[in-house]
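Worksheet for the structure shown next.
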Amino acid sequence: MTDNQQAAPQASLSVVDGVAVMVGIVVGIGIFKTPSLVAANVDSGFTFIAVWLAGGLITLMGALCYAELAAANPHAGGEYHFLQRAYGRVPATLFAWARGTVIQTGAIALVAFVFGDYAAQLVPLGPNGPAIYAALAVIVFSGLNLAGTLQSANAQRIFTIVTLGAMLVVIFTGLFYAGNTQAAAPSASGASGGALGLAMVLVLLTYGGWNEAAYLSGEMRDVRRNMMRVMVFGTLILVALYGAMAFAYLHGLGLERLRAAEAPAAELMRLAAGHIGAVVLALTVCCAAVSTLNATIFTGARVYFALGRDIPALRKLGIWSTKGDNPVNAIVLQGVIAFGLVLFGATTRDGFQAMVDYTAPVFWFFMALVGLSLFVLRWREPERELPFRVPLYPLTPALFVLTCLYLLYSSLVYTGLGALVGVAVLLAGLPLLFLADAHRRSVAAE
């Protein structure tokens with residue numbers, strides 16, 4: 001066995017690194033695309049702000065659940081490891097397949113398309129320009145992660161700082177510019193329960209990605225204490241940023257103009273600063289997308305690595321490079337699949353929407369299972385010492401699981417054909433279950 005096959009992740013990441021990755025993943029493209037849709041499903045400015053704060057509270061509940069799981073079960077496989085401990089190898093293997101072919105690679109392609117859309121506004125490359133930029137982004141940032149964990153973590157700090165600075169520009173623009181500050185009357189239809197529920201779905205999609213911090217637990221220094229800090233500090237930063245952005249949109253545009261804006265941040269910057277404002281916005285979104293893309297590639301390959309360590313037929317994925325301190329083969333495979341999804345998305349009318357539809361149902365199904373795993377592990381190991389316990393148990397994890405189930409339902413009802421394609425790809429991974437079961441039986445026979 002080579003040194004690379006024996007090597008394991010090193011505890012080299014600090015709380016700052018973890019928070020940078022978490023914030024970098026979440027603070028991406030959603031806040032520049034969804035606020036107008038949220039505004040269309042609420043009846044007042046107060047409700048508009050309230051749903052963003054409520055989304056932050058739900059995110060915090062999920063983060064606390066993940067903090068307990070990650071602190072008690074630190075592992076580079078993150079959710080894969082939690083599911084394996086709670087339910088066994090078969091569901092965990094199916095999750096690894098889903099994450100590798102649908103959830104993570106779909107998210108990488110999704111963010112790459114947003115980067116491509118805004119980069120093409122700065123330097124057009126023709127009708128296929130966005131897809132070309134998206135493909136190049138996947139290649140470049142997969143290469144950056146291949147260079148090594150230290151290089152990627154340092155780059156993530158830079159990207160996150162630039163992104164936060166750019167967001168502050170938008171926030172201050174909204175606070176000091178008021179193009180239409182008159183209070184908007186409630187819409188004719190008002191906000192029915194279904195409309196408000198859809199607004200929450202959109203808000204929680206915008207907060208999505210915080211769970212990626214779980215994949216850092218195998219490389220976090222003093223994980224028993226620091227995992228909780230990463231989850232809590234990261235979530236509070238996100239709530240503050242998104243609350244400020246929501247208020248800036250509302251103050252700068254007014255609710256009615258916000259409802260009508262296809263790109264609210266672009267509309268706000270254009271009103272305040274003309275063409276220069278539009279260019280600044282394009283650079284802002286490019287920075288945010290780059291930050292999200294780099295962090296998503298960084299965490300995504302860790303589940304391939306965990307799967308390769310557990311299934312002999314996939315052992316090459318379980319090689320950890322001592323040179324770069326990273327799962328080199330896993331990063332390469334992830335990049336190839338994400339590149340393929342970019343090509344698939346390029347054949348549709350809207351690559352971004354196609355990737356949203358493709359990933360959502362599978363993502364929320366497995367997140368609900370992870371939430372339930374907290375109950376399973378506490379019941380199975382009642383005497384086990386837990387470095388961190390989620391507050392208000394069992395209420396907090398129960399509310400989180402119910403939210404995930406509602407989002408699973410909504411993602412199947414409100415999305416298009418792409419959702420069925422994602423579910424079909426998930427089911428196509430069933431043969432992996434036989435590999436996992438065969439490995440389990442062979443180990444038991446020894």
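Looking at every heavy atom in both residues, Tyr249 comes nearest to Leu268 through CD2-CD2, 4.4 Å. For the pair Thr359 and Gly106, the tightest heavy-atom approach, listed with the atom from each and the gap, is CG2-CA, 3.6 Å. Scanning both residues, Ala92 and Tyr80, for their nearest heavy atoms gives O-CD1, 3.1 Å. Annotation for Phe233 and Val19: closest pair CB-CG2, 4.2 Å, computed over non-hydrogen atoms. Contact between Leu241 and Ile171 at its shortest, heavy atoms only, is O-CD1, 4.2 Å. When all heavy atoms are compared, the tightest approach of Pro361 to Leu408 is O-CD1, 3.3 Å.
In this structure the side chain of Phe366 reaches within 4.5 angstrom of the side chain of Leu83, judged on heavy atoms. Side-chain contact between Thr235 and Tyr207: absent, with no pair of heavy atoms (C-beta onward) separated by less than 4.5 Å. Looking only at side-chain heavy atoms (C-beta outward), Phe141 and Ile108 stay at 4.5 Å or farther from each other. By the 4.5 Å heavy-atom criterion applied to side chains, Leu293 and Phe115 are not counted as neighbours. Side-chain contact between Pro130 and Phe113 is absent, with no heavy-atom pair separated by less than 4.5 Å. Under the 4.5 Å side-chain criterion, counting only non-hydrogen atoms from C-beta, Leu110 is not in contact with Tyr358.
With values rounded to the nearest 0.5 angstrom, Leu69 atom CG is found 10.0 Å from Arg85 atom CZ. Atoms CG and CD, on Asn73 and Gln84 in that order, are 11.0 Å from each other to the nearest 0.5 Å. Once rounded to the nearest 0.5 Å, the distance linking CD of Gln104 with CD1 of Ile297 reads 9.0 Å. Note that CH2 of Trp364 is 13.0 Å distant from CG of Leu412, once rounded to the nearest 0.5 Å. The line from CZ of Phe363 to CG of Leu407 is 9.0 Å long, rounded to the nearest 0.5 Å. Residue Leu271 holds its CG atom at 11.0 Å from OG1 of Thr173, rounded to the nearest 0.5 Å.
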Report the C-alpha separation of Leu374 and Phe400 in whole Å, then their side-chain angles, then the decisive distance to 0.1 Å, and conclude whether the side chain to side chain contact (heavy atoms under 4.5 Å, CB included) test is met. CA-CA 11 Å; Leu374 190 148; Phe400 174 65; over 6 Å; no
Side chain to side chain contact (heavy atoms under 4.5 Å, CB included) for Leu426 and Leu94? Distances and angles first, verdict last. CA-CA 8 Å; Leu426 169 65; Leu94 190 60; 3.8 Å; yes
Determine whether Thr347 and Leu343 satisfy the following criterion, side chain to side chain contact (heavy atoms under 4.5 Å, CB included), listing intermediate values before the conclusion. CA-CA 7 Å; Thr347 65; Leu343 296 182; over 6 Å; no
In sequence, state the C-alpha distance, the side-chain angles, and the governing distance for Met269 and Val169, and then conclude on side chain to side chain contact (heavy atoms under 4.5 Å, CB included). CA-CA 9 Å; Met269 296 300 292; Val169 172; 4.1 Å; yes
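Looking at residues two or more places apart in sequence or on another chain, you find no side chain to side chain donor-acceptor pair (under 3.5 Å) involving Arg380.
Under the 3.5 Å distance criterion, the side-chain polar atoms of Thr105 are left unmatched by any main-chain donor or acceptor of Gln334. No donor-acceptor pair closer than 3.5 Å links the side chain of Trp97 to the backbone N or O of Ala428.
For the pair Arg378 and Tyr393, the cation-pi criterion (under 6.0 Å, within 45° of the ring axis) is fulfilled.
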Solution key, residues 50-67 side-chain donor-acceptor pairs under 3.5 Å, sequence neighbours excluded:
from  : atom 1 : to    : atom 2 : distance (Å)
Thr59 : OG1    : Gly55 : O      : 2.9
Tyr66 : OH     : Glu79 : OE2    : 2.6

